[in-house]
Trainee: 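Can you keep this structure in mind? I'll have questions shortly.
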2 protein chains.
Amino acid sequence: MATRTPRPELAEARERGFHNIGEASGQTQVSAKMIRHYESIGLIPPAARTFANYRLYSDADLHRLRFIHRARNLGFPIKQIEKLLGLWNDPGRNSAEVRQLARAQIAELDARIREMQAMQRSLEALAHHCHGDERPECPILDDLAGIVA
Amino acid sequence: MATRTPRPELAEARERGFHNIGEASGQTQVSAKMIRHYESIGLIPPAARTFANYRLYSDADLHRLRFIHRARNLGFPIKQIEKLLGLWNDPGRNSAEVRQLARAQIAELDARIREMQAMQRSLEALAHHCHGDERPECPILDDLAGIVA
DNA sequence: CTTGACCTTGCCATCATGGGAAGCCCGAAG
DNA sequence: CTTCGGGCTTCCCATGATGGCAAGGTCAAG
């Protein structure tokens with residue numbers, strides 16, 4: 001019989017298509033640190049473990065991590081990604097719900113962009129009026145100091 | 001003799017033009033919480049105190065807080081505000097230095113805006129191709145799942 | 001004196017991420 | 001078999017700016 005002690009168990013798991021956290025990280029662009037974090041907050045289910053307590057990831061797990069990574073790159077916060085994952089795994093979903101999430105994210109980005117653009121306009125006006133030489137007079141500081149002038 | 005016990009000392013200080021933290025907050029738009037925080041990180045010097053340990057702010061202190069508030073509204077992070085305050089208090093400053101800080105902040109905003117705009121463009125392209133009806137097919141999820149199609 | 005509003009400090013939470021320490025594990029080389 | 005580098009584990013801390021809450025002291029008005 002081939003029932004051996006559970007020593008070379010990681011290698012065995014790898015032969016069966018599993019990946020340790022380092023591999024998972026390398027193949028999904030998600031840092032090992034963040035993979036553990038996502039597990040701790042319940043965004044991904046607890047990973048399988050070897051006898052030595054190493055995390056094991058299946059190809060499906062990697063798929064999920066890549067999904068998360070792409071969603072993060074689109075600026076989705078974790079809470080929204082949870083919903084997206086739920087819809088992804090729901091065969092009876094309505095695409096309307098997904099699009100709604102995307103639209104909400106677009107609006108969110110829009111709000112933040114507008115805010116920053118307003119800051120930019122103010123700064124540019126101020127910088128424009130500042131000589132920017134060796135003299136101390138500076139409309140930028142005057143404005144910050146509240147000298148409406 | 002008028003040397004009384006230090007009881008009605010806050011009222012006295014107020015008569016001399018000082019403000020407690022609530023007033024300071026109301027007059028500068030900076031929350032009491034943040035005023036204490038700014039003190040704890042050294043952005044503003046430790047406030048004077050009454051015998052009862054209440055913080056006291058002079059008009060100059062309020063001026064400083066308003067300066068900070070305006071700089072925050074322009075998106076400056078605390079570290080940059082420290083520098084701005086230093087320049088503000090330096091009669092021998094070069095306005096070039098101030099303008100340089102403003103330009104750096106503009107560039108910083110620009111980078112963040114561009115990043116978000118890129119996200120927006122991707123999201124809009126995806127949302128555009130999604131039917132958004134009761135059917136489950138969804139190019140948004142397909143993209144997140146890595147289906148390059 | 002009581003009461004309500006305000007002040008104090010301190011700790012926790014956010015959001016997503018990185019850094020580091022202490023200790024165990026694996027695989028390869030000697 | 002021993003050793004050694006690198007990878008894994010958990011746990012704690014830090015970021016940046018802000019809010020919230022709790023326990024306790026203080027002030028001012030009634």
Side-chain angles (χ1 to χ4, degrees), chain A residues 5-15 18-44 46-57 65 68-69 71-82 105 108 112 115 119, chain B residues 4-15 18-26 28-44 46-57 65 68-69 71-82 105 108 112 115 119:
Chain A
T5 52
R7 268 301 166 64
E9 195 237 349
L10 177 55
E12 214 170 325
R14 259 194 276 215
E15 276 167 36
F18 285 93
H19 313 269
N20 61 16
I21 202 169
E23 278 183 21
S25 171
Q27 292 194 25
T28 63
Q29 311 272 76
V30 181
S31 71
K33 205 86 186 184
M34 289 312 298
I35 295 175
R36 295 191 195 99
H37 178 62
Y38 291 153
E39 180 181 322
S40 81
I41 63 175
L43 184 64
I44 57 177
R49 301 283 187 134
T50 67
F51 288 114
N53 211 29
Y54 278 31
R55 286 177 179 79
L56 288 178
Y57 297 93
L65 285 170
I68 293 169
H69 182 245
R72 287 291 303 132
N73 279 347
L74 291 173
F76 282 106
I78 301 293
K79 290 230 165 161
Q80 305 301 302
I81 296 178
E82 265 175 46
Q105 175 62 13
E108 176 66 33
R112 282 196 258 151
E115 201 181 348
M119 292 175 181
Chain B
R4 20 181 173 49
T5 49
R7 268 303 167 61
E9 196 238 350
L10 176 56
E12 213 171 325
R14 258 193 275 215
E15 276 167 36
F18 285 94
H19 314 269
N20 62 14
I21 201 168
E23 278 183 20
S25 171
T28 63
Q29 311 272 77
V30 181
S31 71
K33 202 85 186 186
M34 290 312 298
I35 296 176
R36 294 191 196 100
H37 178 63
Y38 291 153
E39 180 180 320
S40 82
I41 63 175
L43 184 63
I44 57 177
R49 302 284 187 133
T50 67
F51 287 114
N53 211 29
Y54 279 29
R55 286 177 180 79
L56 288 178
Y57 296 93
L65 285 169
I68 293 170
H69 183 246
R72 288 289 305 134
N73 279 347
L74 291 174
F76 282 104
I78 303 293
K79 291 228 166 163
Q80 305 301 300
I81 296 179
E82 266 175 47
Q105 174 61 13
E108 176 67 32
R112 282 197 258 151
E115 201 181 349
M119 293 175 180

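Numbered from 1 within each chain, the chains take letters A, B, ... in sequence-line order.
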Trainee: Mind calculating the distance between CG (A:N73) and C1' (C:dT17) to the nearest angstrom?
Mentor: 14 Å
Trainee: Could you give the CD1-to-C1' distance, from A:I35 to C:dT17, as a whole number of Å?
Mentor: 14 Å
Trainee: So, A:E82 side chain and A:L43 main chain: donor-acceptor pair closer than 3.5 Å or not?
Mentor: no
Trainee: Would the distance check show the side chain of A:T28 and the main-chain N or O of A:A24 forming a donor-acceptor pair, the cut-off being under 3.5 Å?
Mentor: yes
Trainee: Once you round to the nearest 0.5 Å, how far does CD1 of B:I68 lie from CD1 of B:I78?
Mentor: 7.0 Å
Trainee: Is the phosphate of C:dC25 approached by A:T50 (side-chain N or O, under 4.0 Å from OP1 or OP2)?
Mentor: no
Trainee: In whole Å, I'd like the distance from the CD1 atom of A:I68 to the C1' atom of C:dA16.
Mentor: 13 Å
Trainee: I need the B:I44 CD1 to B:L65 CG distance, nearest 0.5 Å.
Mentor: 5.0 Å
Trainee: Take nucleotides 4-17 of chain D nucleotide by nucleotide from the 5' end and write B, S or -, depending on whether a protein heavy atom sits under 4.0 Å from the base, only from the sugar-phosphate, or from neither.
Mentor: ---BSBBB-----S
Trainee: Distance-only, no hydrogens or angles: does the A:Q80 side chain make a donor-acceptor pair with backbone N or O of A:Q105 under 3.5 Å?
Mentor: no
Trainee: Between atom CE of B:M34 and atom NE2 of B:H69, what is the distance when rounded to the nearest 0.5 Å?
Mentor: 10.5 Å
